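A, B, ... follow the sequence lines: proteins, then strands. Residue 1 opens every chain. Please read these numbers as outputs of a predicted model, since none were measured by experiment.
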Amino acid sequence: MVKSKLMSISEALDLINDGDEIAIGGMSFHRNPMAMALAIARSNRRDLALIDREPGLAFDLLTISGRVRRIRAAMVTFEHFGIAPGFRRMVENGEVEFIEDVCEGVMAGLRAGAYGVPFMPSAIALDSDLVQLNVKRGIWKVIRNPFNEEEEFVAVKAIRPDVAIIHAHKADEKGDVELQGPKYEDLLKVQAAKRVIVTVEEVVPEDYFRNNPDKLTIPGFLVTAVVHAPRGAWPTSMYGYYEADYKVIRKYFDAVKSGSNIEEVLRVFSNV
Amino acid sequence: MVKSKLMSISEALDLINDGDEIAIGGMSFHRNPMAMALAIARSNRRDLALIDREPGLAFDLLTISGRVRRIRAAMVTFEHFGIAPGFRRMVENGEVEFIEDVCEGVMAGLRAGAYGVPFMPSAIALDSDLVQLNVKRGIWKVIRNPFNEEEEFVAVKAIRPDVAIIHAHKADEKGDVELQGPKYEDLLKVQAAKRVIVTVEEVVPEDYFRNNPDKLTIPGFLVTAVVHAPRGAWPTSMYGYYEADYKVIRKYFDAVKSGSNIEEVLRVFSNV
Amino acid sequence: MSSMDNVIKCMAQQLRDGDIAYTGLASVPAVLAIALARHWGRDVTFINVAEIYEPKDMIIKVSSGDPTSFIGGKGIVTSLDAFDLARRGLLDVMFFSAAQVDRRGNMNLSVIGSYEKPRVRLPGGAAAAYLYRRARRVIMWLKEHSRRTLVEHVDFVTAPGPTKYGPHLTVCTPKALFEFDQEVGELVLTGLFPGVTVDDIINNMAFKPRIKEPLRILETVTAEELRLLNRWDPDGVRYS
Amino acid sequence: MSSMDNVIKCMAQQLRDGDIAYTGLASVPAVLAIALARHWGRDVTFINVAEIYEPKDMIIKVSSGDPTSFIGGKGIVTSLDAFDLARRGLLDVMFFSAAQVDRRGNMNLSVIGSYEKPRVRLPGGAAAAYLYRRARRVIMWLKEHSRRTLVEHVDFVTAPGPTKYGPHLTVCTPKALFEFDQEVGELVLTGLFPGVTVDDIINNMAFKPRIKEPLRILETVTAEELRLLNRWDPDGVRYS
């Protein structure tokens, strides 16, 4: 018989190993996998690496959690609040290694990973100072267009995260997922990652998808674990379900900026 | 004010020039853009080129229409009826040039075209006899993985058709399109093509999408023309609307196989 | 009952619990093989060129790409998705047929005769030229076990046979089962249907295969299985 | 009214009929510029990082990526779609701000100070390092017209300035409008707000720009426009 992919958040945590590279779903203050991020922050995992294109709260929290050694992103922003506070503190102090990527690089790398090819050609400007840095790191390479030798471009190496963590709307126990509204690069992350944890607002019976086949966004064979985590994106927004709680995000911002340690910061999320 | 993209089938025909390369939507006997294919077959266009991955009726009809000089596909099949009859006749007689591609090549080329990059790496087997043929044609090239010099693979040059022709379910006059059910590579074709003609079962008011934002499949800025063509996929199937009319397809198959000329063949479609 | 029903059963028996399997166009026997394996209780995830994911039931049409042929699906999974899965090495099973297959497992779906002036222009190889490198297992079927289909060298290598790294290839014919031996790089005769002799097999093919003794006797369809095949495929498209 | 409202109007005036424009994160002024241009009747197609396509109305939040901020959208158009459009050369307008911009139009969104030991670690350049090569036009805004923001050489070239092939770059500041001259490869002063002198502009930046005479006098927001900006952005996020 078919095994259920439903598990508790702590069982899902067991899918994450020390040193894993984790792709984080959502964007800035929207549909972040907060339930899982908080669980990781409170765990004893170590030396994790994070990757995302334009991350926000979950990424920033993990960056200061002590669980993370390396981060890779195109922009880490708290938008009109200011520079992401944990990101800024940890990178300025040299406490995490920051691989500064660009949107084009993360998208190209995730596409190569999702499509199972070694790299993707990109339109990254050759004279950005980031090119030499990321070529040295081995994640970019300047090559010629095989169909037009005069044209040079940046090839981006495939990104194959160990784990992708996505918060979504609904899933059944086979891992079939409905993801409403904005998608960001979450579908590429799911394809590119070796293991996929999807936390959801609602667990639905299988017939939900048979009765509403246009709701399927991610087929179950791409998903390793389904975790029932209602309000699992809070305080970030969940399209169609709840809005971002900017007061709590502001509290987090102020706490981190004022130098609070991780235990104090985590308290921001516990007085719900 | 915003111009309407609604036009008649003959106005849409004016978007097609002699010598154009045309990507055909749908697959085998499903959601083929038959209304437009019939219009082209009856027109005086010449030297057209066709491209698709696994085409069927519309592609085969155009192949024998006298309007087409070159075709490119991974498989041209009438499935359990047999080999596509027009394709077989025209290629065996040398009346059209056939560029034999593979699924992987068409998908990679369309992706490169859609993504605006010069080529895509592919997983085409290096020792297929097709490799030398398509390298000679300049559409494939064997290159090394820049991140692992020992690994060779086939790079596929971007496909940028002049025109894509897709039959869809609904559109508004701005070109916003709803495409239900199977997608095949139609979205890539729409992105990769320079001009896009979408024929639809129903023209809907703009508010249709504002009231049902999850119905949007193709945003209007990608679409050049919207043509109201109810039953425009007939006799191929239209997901959710009507089934394939295998009796008519069989009649076409028999007519072409028995050597009928294009005028006789077109009559198969006129006694509706 | 026809020999094609036995071929379908042979194909179905290659499927295993946990498989993700994809079927393409002109592949009614493959679709029926999956239906049969699922009927036996094997946990096979079914994705297909019709893009209807995990249908509950089916009614075979002349096109295996017909979306109305698949009933009660859970959504759309595109061929692009399926091929991405294969490129990442995660597609367990792909089905193919071919006009010719040779000792080395090379497939021809392109031409009979010369490439430039073919005697028969075949439909083309579709996904074969890459899934032969990326699917974990390939299940091939031949409608005809003959010197025309089982050749020493294919007229054109649309898709080259497996390497020692993969995929695992099995070929079901109306007479026999062949499995590709990655060590020797050849198709090896491993099974035959009841009532078929080894001579009957060898004399009806253009190369002399190695034989793996003892040869397995392949199961033929039961009355119950035939009833099911007829329910799914009342028009007998599988015989065409 | 604040100078930021004038900056937004300056940005809005760069938009033209038929434009397809994209806005990213931390880009409330850009979102408001599009709203204003559309209010004036300019036919601008609006796609954005919130992925809400062609909203009818908006209510600004602290995040320009907030999907609930955009009302009555026609569907989802992803950032991947938008960037594909740009890579094909079909995105008309992209908006950016920067911590520093220099004479050559180079942008810095990475660090102030040295890269390895930065005095300030900035958020990163996001899409800049490629849209500077692929968008047709870039509209940049600066919250501050100062020697800190308008520098002779940026500390780090996150995104290199335009080449002679593009894009067309304009920079709106609280004091002035600069346009990139593709021939000389420099930002050129082309406009100024009423009450601002050329000396005031030059003395508050770290490089001396060429000047295109006669300088245009830029329009300031009208009472009606201010009322609109306040309706869309009642909390004044645009001033933050």
Side-chain angles (χ1 to χ4, degrees), chain B residues 27-31 53-54 56 73-84 87-94 98 100-108 110-111 122-131 133 154 180-185 187-188 236-237 239-240 242-244 246 249-250, chain C residues 24-28 49-52 60-69 73 76-81 83-84 86-87 106-111 113 115-134 154-161 163 237-240:
Chain B
M27 184 189 69
S28 81
F29 306 136
H30 312 292
R31 210 164 47 64
R53 184 171 63 87
E54 294 188 325
M75 170 151 87
V76 191
T77 176
F78 266 43
E79 301 211 47
H80 291 275
F81 285 135
I83 303 172
F87 162 77
R88 182 173 174 183
R89 180 167 97 191
M90 298 298 275
V91 178
E92 287 179 5
N93 296 347
F98 176 43
E100 182 170 0
D101 208 316
V102 297
C103 287
E104 177 75 351
V106 177
M107 285 174 167
L110 285 174
R111 274 185 166 156
S122 81
I124 293 166
L126 291 164
D127 35 3
S128 162
D129 282 348
L130 292 168
V131 173
L133 289 174
V154 174
Q180 303 170 7
K183 302 288 178 283
Y184 318 122
E185 292 75 51
L187 306 183
L188 291 177
T236 70
S237 79
Y239 181 84
Y242 45 88
E243 299 205 9
Y246 290 115
I249 295 169
R250 166 105 247 172
Chain C
L25 289 178
S27 297
V28 161
V49 76
E51 304 194 345
I52 306 298
I60 292 294
K61 312 237 165 133
V62 74
S63 161
S64 59
D66 193 326
T68 64
S69 181
I76 301 296
V77 171
T78 65
S79 289
L80 280 161
D81 294 331
F83 290 7
D84 287 342
R87 234 178 278 101
N106 296 312
M107 276 173 63
N108 178 12
L109 277 155
S110 297
V111 291
Y115 193 81
E116 294 308 330
K117 290 236 164 252
R119 194 149 47 76
V120 185
R121 175 61 242 191
L122 300 165
Y130 109 92
L131 284 173
Y132 247 45
R133 283 292 177 273
R134 293 297 179 102
V154 293
D155 291 5
F156 185 87
V157 181
T158 311
T163 68
V237 176
R238 64 194 184 279
Y239 305 134
S240 68

### Message
The test is side-chain contact (heavy atoms from CB on, under 4.5 Å); show your working for C:Thr68 and B:Tyr242 and say whether it passes.
### Response
CA-CA 9 Å; C:Thr68 64; B:Tyr242 45 88; over 6 Å; no
Non-hydrogen atoms of chain B under 4.5 Å away: do they reach the side chain of [X], the backbone, both or neither?
| X | value |
| --- | --- |
| C:Thr158 | both |
| C:Val49 | both |
| C:Ser63 | both |
| C:Ile76 | side chain |
| C:Ala50 | backbone |
| C:Arg119 | backbone |
| C:Ser27 | backbone |
| C:Val120 | both |

### Message
Restricting to side-chain contact (heavy atoms from CB on, under 4.5 Å), what partner residues turn up for C:Ala127, sequence neighbours left out?
### Response
B:Cys103, C:Phe83, C:Phe96, C:Leu131
Among [options], which residue has the highest count of heavy-atom pairs closer than 4.5 Å to chain C?
| options | answer |
| --- | --- |
| B:Asn93, B:Ile124, B:Ile249, B:Thr236 | B:Ile124 |
| B:Ala244, B:Ser237, B:Gly181, B:Ser28 | B:Gly181 |
| B:Asp101, B:Leu133, B:Val106, B:Val131 | B:Leu133 |
| B:Tyr239, B:Phe78, B:Phe81 | B:Phe81 |
| B:Arg250, B:Arg53, B:Lys183, B:Glu243 | B:Glu243 |

Nearest 0.5 Å please: distance from the [atom1] atom of [X] over to the [atom2] atom of [Y].
| X | Y | atom1 | atom2 | result |
| --- | --- | --- | --- | --- |
| C:Thr78 | B:Tyr184 | OG1 | OH | 11.0 Å |
| B:Ser122 | C:Arg133 | OG | CZ | 12.0 Å |
| C:Ser110 | B:Asp129 | OG | CG | 8.0 Å |
| B:Arg111 | C:Asp84 | CZ | CG | 4.0 Å |
| C:Ser79 | B:Glu185 | OG | CD | 6.5 Å |
| C:Thr163 | B:Asp127 | OG1 | CG | 8.5 Å |

### Task
Against chain C, label B:Ala123 side chain, backbone, both or neither, depending on which of its atoms sit under 4.5 Å from a heavy atom there.
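Contact with chain C: backbone and side chain both.
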### Message
Counting only non-hydrogen atoms closer than 4.5 Å, does B:Leu126 touch chain C with its backbone (N, CA, C, O), its side chain (CB onward), both, or neither?
### Response
neither
### Task
Decide side-chain contact (heavy atoms from CB on, under 4.5 Å) for C:Leu80 and B:Met107; before the verdict, give the C-alpha distance in whole Å, the side-chain angles of both, and the deciding distance to 0.1 Å.
CA-CA 8 Å; C:Leu80 280 161; B:Met107 285 174 167; 3.7 Å; yes
### Query
Could you walk me through whether B:His80 and C:Lys61 pass the side-chain contact (heavy atoms from CB on, under 4.5 Å) check?
CA-CA 9 Å; B:His80 291 275; C:Lys61 312 237 165 133; over 6 Å; no
### Summary
Counting heavy-atom pairs under 4.5 angstrom with chain B, the leader among C:Arg134, C:Lys117, C:Glu116 is C:Arg134
### Task
Could you check which of C:Ser240, C:Gly65, C:Pro123, C:Ala26 has the highest count of heavy-atom pairs closer than 4.5 Å to chain B?
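Maximum pair count with chain B is reached by C:Pro123.
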### B:His30 to C:Pro67 - nearest heavy-atom pair and separation
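B:His30 and C:Pro67 have their closest heavy atoms at ND1-CD, 3.7 Å.
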### Query
Which atoms form the tightest heavy-atom contact between C:Ile52 and B:Pro182, and what is the distance?
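Smallest heavy-atom distance, with atoms named: CD1-CG, 4.5 Å.
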### Task
Verify, without hydrogens or angle tests, whether B:Glu92 (side chain) and C:Pro118 (backbone) share a donor-acceptor contact under 3.5 angstrom.
no
### Message
Can you tell whether the side chains of B:Glu100 and C:Arg121 come within less than 4.0 Å, N to carboxylate O?
### Response
yes
### Query
Taking C-beta and beyond as the side chain, do C:Phe156 and B:Leu130 meet within less than 4.5 Å on heavy atoms?
yes
#### Entry: C:Asp66 and B:Tyr246, any side-chain heavy atoms less than 4.5 Å apart
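B:Tyr246 reaches C:Asp66 side chain to side chain.
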### Task
Evaluate salt bridge (Lys or Arg N to Asp or Glu O under 4.0 Å) for C:Arg87 paired with B:Glu104, printing each intermediate quantity in order.
CA-CA 10 Å; C:Arg87 234 178 278 101; B:Glu104 177 75 351; 2.8 Å; yes
#### Entry: Trace of the side-chain contact (heavy atoms from CB on, under 4.5 Å) decision for C:Leu109 with B:Met75
CA-CA 9 Å; C:Leu109 277 155; B:Met75 170 151 87; 5.9 Å; no
